[in-house]
Amino acid sequence: MTDGRVDRAERLAATGQIDAAVTSLAEGAAAGDAAAAMLLAVWHLRGTPVARDLPRARAWLRRAVAIGHVDAALMEVALTANGSGGVPDWPAALALLRTAASGDPVAAAQLALVAAMALDAAGRPSTVLHGTPLATTPRLAHFPGFLTAAECAHVAGVAGAMLEPARIIDPATGRRVAHPIRTSDGAAIGPVHEDLVVRAINARIAAASGTAIEQGEALTVLRYAPGQEYRPHLDTIQGADNQRVATMLVYLNGGFAGGETHFPVPGVTVTPRGGDALLFFNTLPDGRPDAASRHAGLPVRSGAKWLATRWIRARAIDPWNQPVDPA
């Protein structure tokens with residue numbers, strides 16, 4: 001049984017017999033066991049119990065897809081688009097998605113969303129995006145209708161199963177830790193889950209902010225229940241070598257009360273509306289944090305507020321070395 005082989009490999013790994021576990025899975029994958037190939041791919045993506053090796057993970061994913069593993073097909077699409085274990089290749093990823101869509105309704109739904117977007121051959125927006133300025137200190141702009149209702153629902157759906165109490169980056173350790181100023185639930189959509197819809201949205205954010213897609217952290221979705229809030233804060237990270245220079249907030253829904261985004265210094269308060277986005281810059285021209293960018297997510301009074309955030313760094317980052325669970 002394929003499940004028996006996977007279970008045995010996991011037991012071997014748990015007792016430190018890593019080589020034996022890998023050998024067993026590799027033999028299974030060679031014999032047509034898609035679950036064995038998939039587990040090897042996941043191990044090499046996570047970096048445990050074997051060393052992280054993205055090209056090798058891609059090779060095991062290819063084997064799993066060839067055997068017929070549906071989840072492996074969607075994962076391969078994501079990694080092909082964002083270049084994990086290779087170079088970013090939107091046309092190849094789109095071709096893989098079309099193949100997957102012929103037998104998988106999830107892939108077909110993603111393909112339909114991508115087809116409805118105005119994209120160039122590289123998956124970037126084919127139209128120029130301009131926001132309405134709301135303030136100059138900090139630089140703050142509003143983008144009505146930045147995402148469609150279907151795109152908003154997709155982002156929320158991708159993150160929904162991964163939601164957990166939101167965390168912030170501890171400047172002393174670089175790890176995400178619980179913090180009392182943010183009382184929402186959140187999930188970061190890391191490279192494995194960055195399907196073509198999410199990838200295209202991240203490209204749209206890059207275009208709107210005048211940055212490269214490689215500068216953005218994983219798109220992070222936050223859900224605020226009644227009474228939850230994010231008290232006044234800066235998005236910059238104390239002592240960071242590669243600072244968060246900008247933030248894009250995208251409101252994913254309506255139908256709730258409260259939850260406004262408030263900037264005390266310019267005196268700007270934005271009422272959330274599903275699909276709208278806010279772009280603001282967190283640093284001064286010399287790279288120092290801009291105190292005027294301090295902002296708050298006001299308490300939600302009723303309903304649930306869903307928000308997507310993409311923090312943009314000064315330079316490109318390696319998404320696999322960020323504090324995000326890759327699988």
Side-chain angles (χ1 to χ4, degrees), residues 113-114 116-120 122-156 189 197-222 224 230 232-236 243-254 256 259-285 287 289-298 305-317:
L113 278 174
V114 171
M117 297 177 173
L119 303 174
D120 66 14
R124 298 170 301 216
S126 58
T127 56
V128 178
L129 305 172
H130 298 288
T132 302
L134 299 182
T136 56
T137 306
R139 287 183 291 162
L140 172 63
H142 180 240
F143 291 77
F146 188 77
L147 296 188
T148 67
E151 291 166 351
C152 289
H154 179 81
V155 172
I189 304 175
V197 179
V198 175
R199 182 71 176 176
I201 289 170
N202 284 336
R204 193 180 306 171
I205 291 171
S209 59
T211 60
I213 192 171
E214 294 81 9
Q215 291 174 243
E217 295 182 30
L219 190 68
T220 297
V221 174
L222 303 171
Y224 293 82
Y230 197 173
H233 63 282
L234 297 174
D235 283 352
T236 49
Q243 189 57 269
R244 287 175 171 171
V245 296
T247 299
M248 180 72 91
L249 305 179
V250 185
Y251 305 109
L252 298 179
N253 71 316
F256 59 91
E260 299 87 352
T261 304
H262 177 59
F263 292 81
V265 171
V268 172
T269 300
V270 177
T271 299
R273 189 179 70 178
D276 287 3
L278 282 179
L279 170 68
F280 55 94
F281 291 83
N282 302 311
T283 56
L284 299 167
D290 184 356
S293 69
R294 184 176 296 275
H295 59 287
L298 301 183
K305 168 188 171 184
W306 288 74
L307 174 75
T309 301
R310 187 155 168 94
W311 293 289
I312 301 166
R313 301 290 187 120
R315 302 183 303 280
I317 62 171

Self-check item: Over all atoms of both residues, closest heavy-atom pair of Thr137 and Ala292
Solution: CG2-CB, 3.7 Å
Quiz item: Parallel, tilted or perpendicular: which describes the rings of Tyr230 and His233, with under 30° parallel and over 60° perpendicular?
Solution: parallel
Exercise. Could you pull out the closest heavy-atom pair between Pro266 and Ala135, with the gap in Å?
Key: CB-CB, 3.8 Å
Practice problem: Determine, stepwise, if the pair Val270 / Asp276 fulfils side-chain contact (heavy atoms from CB on, under 4.5 Å). | Solution: CA-CA 10 Å; Val270 177; Asp276 287 3; over 6 Å; no
Exercise. State, with a plain yes or no, whether a side-chain heavy atom of Glu260 is found less than 4.5 Å away from one of Pro272.
Key: yes
Practice problem: Answer with yes or no after comparing the ring centroid distance for Phe256 and Tyr224 against a 6.0 Å cut-off, counting only values under it. | Solution: no
Quiz item: Is there a donor-acceptor contact under 3.5 Å from the side chain of Gln215 to the main chain of Arg313?
Solution: yes
Quiz item: Any donor and acceptor pair, going by atom type alone, linking the side chain of Arg204 with main-chain N or O of Phe146 inside 3.5 Å?
Solution: yes
Practice problem: Would you indicate whether the side-chain heavy atoms of Ile205 and Thr211 approach each other to under 4.5 Å? | Solution: no
Quiz prompt | Considering all heavy atoms, the nearest Leu134-Leu278 contact | solution = CD1-CD2, 3.9 Å
Quiz item: Could you walk me through whether His154 and Val198 pass the side-chain contact (heavy atoms from CB on, under 4.5 Å) check?
Solution: CA-CA 8 Å; His154 179 81; Val198 175; 4.2 Å; yes
Quiz item: Under a 4.5 Å cut-off applied to non-hydrogen side-chain atoms, are Pro138 and Asn282 in contact?
Solution: no
Quiz item: Between Leu279 and Phe143, does a side-chain contact (heavy atoms from CB on, under 4.5 Å) hold up when you go through it step by step?
Solution: CA-CA 8 Å; Leu279 170 68; Phe143 291 77; 3.8 Å; yes
Self-check item: Backbone N/O of Glu217 and side chain of Arg310: donor-acceptor pair under 3.5 Å
Solution: yes
Self-check item: Pro125 backbone acceptor or donor facing Thr127 side chain under 3.5 Å
Solution: no
